[in-house]
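What you see is a predicted model; the values in this text were computed from it and never measured. Proteins come first, then strands; the chains are lettered A, B, ... in the order of their sequence lines, and each starts at number 1.
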Protein chains: 2
Amino acid sequence: MFSKACEYGIRAVIYIWSQSKEGNKLGVKDICKEIDAPEYFTAKILQALARQNIVSSTKGPNGGFYIDKEQENIHLMDLVVAIDGDKLFNGCGLGLKQCSATNPCPIHHEYKEIREGLARLLKTKTLRELAEEVSSGKATLHSVI
Amino acid sequence: MFSKACEYGIRAVIYIWSQSKEGNKLGVKDICKEIDAPEYFTAKILQALARQNIVSSTKGPNGGFYIDKEQENIHLMDLVVAIDGDKLFNGCGLGLKQCSATNPCPIHHEYKEIREGLARLLKTKTLRELAEEVSSGKATLHSVI
DNA sequence: AAAATAAAATACATTTTTATCTTTTATTAG
DNA sequence: CTAATAAAAGATAAAAATGTATTTTATTTT
Ligand code: FES
Ligand code: FES
């Protein structure tokens, strides 16, 4: 469904959110240890997200990634689109060049429902809510194998 | 969502179904022209599907791909799993090593619904139904750009 | 039996995704 | 100001997905 980059990105950002209290910043190493993701690869993803203003970062001692006031109303959808683009939400399930109701593929109507259900989920959930689930212990960002 | 291989495979098999009347067989070239898919790549996919008994084939003159009596009750789900596996239907949306209700990721409950909705769709639809949509002109297997 | 046909198998090539390592730049602490 | 720190940027590499071409095998027609 989502790319690996997107999975790591979501987990990383939720973790940053869950730890982002008054100016507290997190280093890539810490993040990746917590969410069980490859360090250099995840760093690239976070850098791209910082460029797109989904998260904030500063260099130097006590530097790291954090959440800014302006980023407080970001939805999961924004994050996913920033990494994977919007093909998943517009594209045809069977790969036709364009999804269209007037020229539909055989699963268009049903697939559209699924696709829109997913979009609704991602648009509804804020990163704040998801982070809260983790902070409260109701959800986790790494398997406990 | 689905891999390219799976998209081509679904389109190809639906087309074979839509044309499979009394012993009529279809060559890869014809199939790919109709569904606008890369020929050699699609051939591989169809060969794999033939090995897994999702479609039938014979070599030689008048040979090609066709649907056998034994393949008449195949659902779209069988086809998708034969090509892409079942990770999409079991795996965690955020890439945790295992999806589990007792150790859920922050989107587990909602994602599970989406995932199961998709599975329901694929399990409900038979290839016969989908082919009928195409035969009757209600749906198409290639964009009309 | 020979020629023609079309899938099957094999080999190869390209592109995209995922992952790692090194160098540079910005920031802060001392 | 200097040294230490951590992200940013750039270079490489490995793996997987996608795509193409060639050879082999089975089948049928003549
Ligand atoms: S045309 Fe295929 S999903 Fe809309
Ligand atoms: S644990 Fe993530 S979807 Fe179930």
Open item on the list: Please tell me if A:N62 has a side-chain N or O lying less than 4.0 Å from either OP1 or OP2 of D:dT5.
Closed with: no
Open item on the list: For a quick check, tell me whether the side chain of A:K59 and the base of C:dT25 share a donor-acceptor pair closer than 3.5 Å.
Closed with: yes
Open item on the list: Using whole Å, what does the distance between atom P of nucleotide D:dA8 and atom CZ of A:R51 come to?
Closed with: 8 Å
- [ ] Decide whether B:L49 and B:L141 are clustered together by the hydrophobic rule: side chain heavy atoms of Ile, Leu, Val, Met, Phe, Trp, Tyr closer than 4.5 Å, transitively.
- [x] yes
- [ ] Quick one: label A:L26 by what it contacts on the DNA or RNA (base, sugar-phosphate, nothing), any heavy atom closer than 4.0 Å.
- [x] sugar-phosphate
Open item on the list: Output the rounded distance in Å from OH (B:Y66) to P (C:dA6).
Closed with: 15 Å
- [ ] Would you indicate, yes or no, if C:dA19 has its OP1 or OP2 atom less than 4.0 angstrom from a side-chain nitrogen or oxygen of A:Y8?
- [x] yes
Task: Cluster check B:L118, B:I114: I/L/V/M/F/W/Y, side chain < 4.5 angstrom - done: yes
- [ ] Tell me which of B:F65 and B:G60 sits closer to the 5' end of DNA chain C, going by the nucleotide each one is nearest to.
- [x] B:G60
Task: Rounded distance in Å - CD (A:Q47) to C1' (C:dT25) - done: 12 Å
Open item on the list: If I take atom NZ in residue A:K4 and atom P in nucleotide D:dA15, what distance separates them, rounded to the nearest angstrom?
Closed with: 16 Å
Open item on the list: Can you pull out the residues from residues 30-43 of chain A that lie within a 4.0 Å heavy-atom distance of DNA chain C?
Closed with: A:P38, A:Y40, A:F41
- [ ] Would you mind reading off the distance between A:E7 atom CD and C:dT17 atom P, rounded to a whole angstrom?
- [x] 14 Å
Open item on the list: Counting C-beta onward and ignoring hydrogens, is there a side-chain heavy-atom pair between A:W17 and A:L130 closer than 4.5 Å?
Closed with: no
Task: Spacing between B:F2 atom CZ and D:dA17 atom P, to the nearest angstrom - done: 16 Å
Open item on the list: Could you see if B:I14 belongs to whatever hydrophobic cluster contains A:I107? Use Ile, Leu, Val, Met, Phe, Trp, Tyr and a side-chain cutoff under 4.5 Å.
Closed with: yes
- [ ] Decide side chain to side chain contact (heavy atoms under 4.5 Å, CB included) for A:H142 and A:I35; before the verdict, give the C-alpha distance in whole Å, the side-chain angles of both, and the deciding distance to 0.1 Å.
- [x] CA-CA 5 Å; A:H142 57 268; A:I35 69 171; 5.8 Å; no
- [ ] Measure the distance from NZ on A:K29 to C1' on C:dC21 and round it to the nearest whole Å.
- [x] 13 Å
Task: Closest nucleotide among C:dA7, C:dA8, D:dA4 to the A:P61 side chain - done: D:dA4
- [ ] Verify the contact: side-chain N or O of A:S57 to OP1 or OP2 of D:dA8, cut-off strictly under 4.0 Å; return yes or no.
- [x] yes
TODO: Would you mind telling me which of D:dA4, C:dA9, C:dT18 lies closest to the side-chain atoms of A:A5?
DONE: C:dT18
Open item on the list: Would you call the rings of A:Y8 and A:F41 parallel, tilted or perpendicular, taking 30° and 60° as the class edges?
Closed with: perpendicular
Open item on the list: From CD1 of B:I45 over to P of C:dA7, roughly how many Å is that when rounded to an integer?
Closed with: 14 Å
- [ ] Classify the side chain of B:K44 and the base of C:dT10 as holding, or not holding, a donor-acceptor pair under 3.5 Å.
- [x] yes
Open item on the list: Less than 4.5 Å apart, side chain to side chain, heavy atoms only: is that true for B:L94 and B:P106?
Closed with: yes
